[in-house]
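Okay, so here's the structure we're looking at.
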Amino acid sequence: GELRLMAAVLEDAVNVLRKRPRSRAGREAREWFASRDASWPFAYERICEALDLDPDRVRREVAMPGPVLRLPLMAPEAFRASA
């Protein structure tokens with residue numbers, strides 16, 4: 001449950017940034033990705049840590065132009081095991 005929610009938050013931020021980069025939501029997503037703050041559970045750095053993702057690599061991937069990508073997070077079996 002918790003990891004699925006974190007993955008959904010990350011995926012939504014990627015989609016907002018790619019589809020509506022100049023909107024207020026796009027600006028907030030950009031700030032969220034750039035933040036190094038890990039003091040709250042749904043901070044970008046904490047989500048990457050929980051999902052075993054390299055935050056800098058994800059930042060680079062998101063910054064690349066192109067279609068909206070689905071991040072390879074975890075196999076569905078891993079979500080069931082951690083729920």
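Just so it is clear, the model here is predicted, and its values are computed rather than measured.
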I'd like to check the ring pair (Phe, Tyr, Trp, His ring centres under 6.0 Å) partners of Y44; sequence neighbours left out, ordered by chain and number. W32, F33

Decide whether F42 and V16 are clustered together by the hydrophobic rule: side chain heavy atoms of Ile, Leu, Val, Met, Phe, Trp, Tyr closer than 4.5 Å, transitively. no

Which pair of heavy atoms, one from E45 and one from A38, lies closest together, and at what distance? CB-CB, 4.2 Å

Nearest atoms (heavy-atom pairs only) where A13 meets A29: O-CB, 3.9 Å

Closer than 3.5 angstrom, by distance alone: can the side chain of R30 be matched with the main-chain N or O of P21 as a donor-acceptor pair? yes

Holding to side chain to side chain donor-acceptor pair (under 3.5 Å), I want the full list of residues that pass it with D37, two or more places apart in sequence or in another chain. S39

Does S23 have any side chain to side chain contact (heavy atoms under 4.5 Å, CB included) partners at least two apart in sequence or in another chain, and if so, which? R20, A25

Could you work out, with side chain to side chain donor-acceptor pair (under 3.5 Å) as the rule, every residue matching R24, not counting sequence neighbours? E28

Residue set satisfying side chain to side chain contact (heavy atoms under 4.5 Å, CB included) with D56, at least two apart, ordered chain then number -> R36, D54, R59, R60

CG (L10) and CG (N15) are apart, to the nearest 0.5 Å, by 9.5 Å

Over all heavy atoms of both residues, which pair between P41 and M6 is shortest? Give the atoms and the distance, please. O-CE, 3.5 Å

